[in-house]
Structures are given as C-alpha cells and as structure tokens.
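FYI, the numbering just counts along the sequence from 1. Atoms within a ligand are numbered from 1 in the order they appear, just like the ligands themselves.
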Amino acid sequence: METIKAPRGTRDVLGGESWKWARVMDVTASTADDFGFREIMLPIFEHTELFSRGIGDTTDVVEKEMYTFTDRGGRSVTLRPELTASIMRSYLEHDMRRGPQPVKLWGWGPMFRYERPQKGRYRQFAQIDFETLGVPGPMADIEIIDLSMEIYRRLGLSNLQVVLNSVGCPKCRPAYREVLKKYFASGFDSLCDTCKSRFDRNPLRILDCKNDACRQITESAPAVTDSLCDECGAHFKAVMRGLENLGADIKLDNRLVRGLDYYTKTAYEILSGDLGAQNAVCGGGRYDNLAESIGGPHVPGVGFASGIERIVITMEAQGAYMGKEPAPFIYVVTSGGGAENEAVSLAHDLRSRGVSADLDFMGRSMKAQMKTASQANARFVCILGEDEISAGTVTVKDMSAGTQETAPRAAAIEKIEKNVSRKEELR
Ligand code: ATP
Ligand code: MG
C-alpha cells in the first residue's frame, strides 16, 4: 500500500520552522496591543452564503476557489477563504454596534482556497487579519495601513512597497464601469476568456487580471481616480496626506482593484521585492458595503490580511532576525546501567525550576549522548557517571567554554538555576 501524503497545496510546518512562526505571532500580538486591537477567535467553517454574498459572486475566490461541501444535515458550509466576512458576521451577530465605536479586532489562523499551488501560494495557508469597524473617516484607513507597516518594521522586513488606490463607491463606480467598458470594448477580442465573461458582469475585475495580453490592455486603461465622486476623492486625498505625514513611501496604482468585491474607497497592497511571482505580503482596504451585503445595517470598515507563509519566506530571504531556535539549556548524560532513574529525576528537578532539560531515552553510550547534546545545541551538559552517582554529585560541562566542574547535586542545580537568568547572554 502506498503511504498517505498530505493533500496537494497543503504543507506541514515542521519543528525546524514553527519557531519562526512563533516570532511572527509574538510581534503581531504585541503590535495589536499597542494599537488597541483585541483578538477574536472564529469558526473555521461558515455558512456558504456569508462568502458568496459578502465577497461577491464574480470574484475568483467565490467562483473557483472555495472549499464548499454539504454537511450531514444538508447545509452548505464553506471552509473560510478569508476572515473579514467572518469578523463582520460576528460583529453583527453580537451587536457590537451598541458599544463604543470603533471596534478594533484581529484574528489569525488557517484559510482555504482551491488555487494552483506554487511557492507562496497554497490551498491551506495562514493569515493574520486586522479590522476596524464602525468608522467611515480616513483616520481608520491611515491607522490600518500604518499598523501593517509597523508589524513588518518590527519583524525587520525591508524592500517593501505600499501600493495604494481608491476603487470608489456605489455612487461613482457605475460611471467608471461605463468608461471602462467603452475602453475594453475596442480590445475585447484580445482579452482572456475569464475577462470576456467579466466584461458585462464586473469590468473592474479585468484590471486585476494577471494574463499578459490582458495586462497589456489594462496598462493604459482610464484611471478610477479620475472618476471618483467628491466624497471618495476627498477621502483618497486625506489617506494619502495622512500617510505622507507619517513618512510612508506610497506608490499609487490605478489598476489595483483587489480580488474581493466588497472593497470601497481605499484599496492597498504591500509588495515584497523578495517574494517572486506571489509578491503580495498583505492586502486590504475599506469595505463600507460588506455589512449590508450580508444582511446587516450599514457598518463601515477597513482592514487588511497578511499571509504568514509569505511573511516567513520574505524574512528568510532577507535574513531577518527570526528569534532563537529552541534548544535545551541542559542535556543530561548518563553512563547507563541503572542511572536512568537518576537522570529522569535530575531532569524533573531542573524542569520544575523552569530550566529546559532533555535526556537520552535509548540507553546509548555516553559518547553518543554527548554528540546528541551538542547537535541539540545544549548550553550545558550534566554528566551522571558511576562516580557522580555513588558520590551524589553532578559534573556540569559548559559546552561553549569546554570547562567542567563537579559539585554536590543540590549545589549544581542551584548554580544552573542562577545561570538561567543569564540564559540569553549565555547562548
Ligand atoms: P494574490 O493576489 O496573491 O492571490 P489575494 O489578493 O488573493 O492575493 P487576499 O485575499 O488579499 O489575497 O489575502 C491577503 C494576503 O493573504 C495576500 O496578500 C497573501 O499574503 C496571502 N494569501 C492569499 N492567498 C494565499 C495563498 N493561496 N497562499 C498563501 N498566501 C496567500
Ligand atoms: Mg488570490
């Protein structure tokens, strides 16, 4: 029988990588605190209508990428492809409108999209996601964009470009649609099949197409910013001014429309120069009509989501600090033959004092145990040879200095415990 492999488009985050994710999560959580965002934890599957109505029927995500199935009770449910719609659903369901506004929430976890897997693009991937709900004005947009940049700054990322656009609102978008349709009509035959079908349903989506022929056509397409209504125009200017005021380096891109239909006004992405083809580390914007499209009252919102795998790939490519790879502070080595209980007891005493300790389970030779200790990058080795066991002592070897010292068990433990407070500098 063939051994079972993980499904296509999924990946195992192994022990050699998971500690890098821990760094991303630590920095994200502390930045969230500093900006006044609260974490919420939401279900991984939702009713399918939440996404089909919220994200929009003409988007790639809803048209081709959702993991939708009928459960045993005959309901259509979908593994979440993103978090924004779920956060808005939760806001409405728990009547968070009644409390003080804005409500600033963040979450993270696995998302699911049936895509063609490649580097930085998976069928199960993880996002961090931030949303500010209940404020119509540009200050919230500025804060969200600043927050995303601050997370990357703290993670030590460089070579990033913030790309900004406005996609207007239901007041000004219909006119822009017409302008666009007129423009695309002349090059219609050269568009890809998907874009041909989008021409009537949602011509803005064509601007987002990655197909080469479509890109050539969209290059000189009329700019959305020339069609904005007064309100959207003023909002866009205020966001730009606010970001300039923070010293942010922003590039405007009139073709940035983003893959989800719920965006209004601000749309942005942060691109990494070190990611290759899947170059977006983060995407976000304002979505003032999402709440209504899922059956709620009018609730303005703005937010962003960032792929954790892409953050980690960028950090690795740039040699950013990823935290320290976990290693035992102590490795307990025994001479075998009846010393196992002593070794387990010493490891137990060290661990109960908060000292990380590891030991051999396989009754291997002292030499083999020493090798494991050094491969595991242990800071000290506690040797329990025959002499030590009969004398009630422990020999502590400093693995980087190469020195060693024998002391009564209690005194040795005490000394190790003292060293733990200097753990970072000793590593
Ligand atoms: P892309 O244009 O790369 O498909 P998107 O516009 O579909 O991105 P969003 O829905 O805005 O992406 O999601 C926000 C972020 O989540 C992206 O910027 C990216 O970092 C990450 N992301 C999206 N899809 C995937 C995926 N399939 N695998 C890994 N990360 C992803
Ligand atoms: Mg996508």
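Between the side chains of E115 and Y122, no donor N or O sits under 3.5 Å from an acceptor N or O.
Tested against W106 for a ring pair (Phe, Tyr, Trp, His ring centres under 6.0 Å), the candidates F304, F130, F37 yield a single pass: F130. Among F188, Y183, F184, the single residue meeting the ring pair (Phe, Tyr, Trp, His ring centres under 6.0 Å) criterion with F199 is F188.
Side-chain atoms of D95 do not come within 3.5 Å of backbone N or O of R97 as any donor-acceptor pair.
The contact shell of ligand 1, taken as protein residues with any non-hydrogen atom closer than 4.0 angstrom, comprises R113, E115, G120, R121, Y122, F125, Q127, K210, R258, A280, V281, C282, G283, A305, G307, R310.
For the pair R379 and F329, the cation-pi criterion (under 6.0 Å, within 45° of the ring axis) is not fulfilled. Figure legend: cation-pi geometry between K265 and F236 absent, as NZ or CZ is not positioned both under 6.0 Å from the six-membered ring centre and within 45° of its axis.
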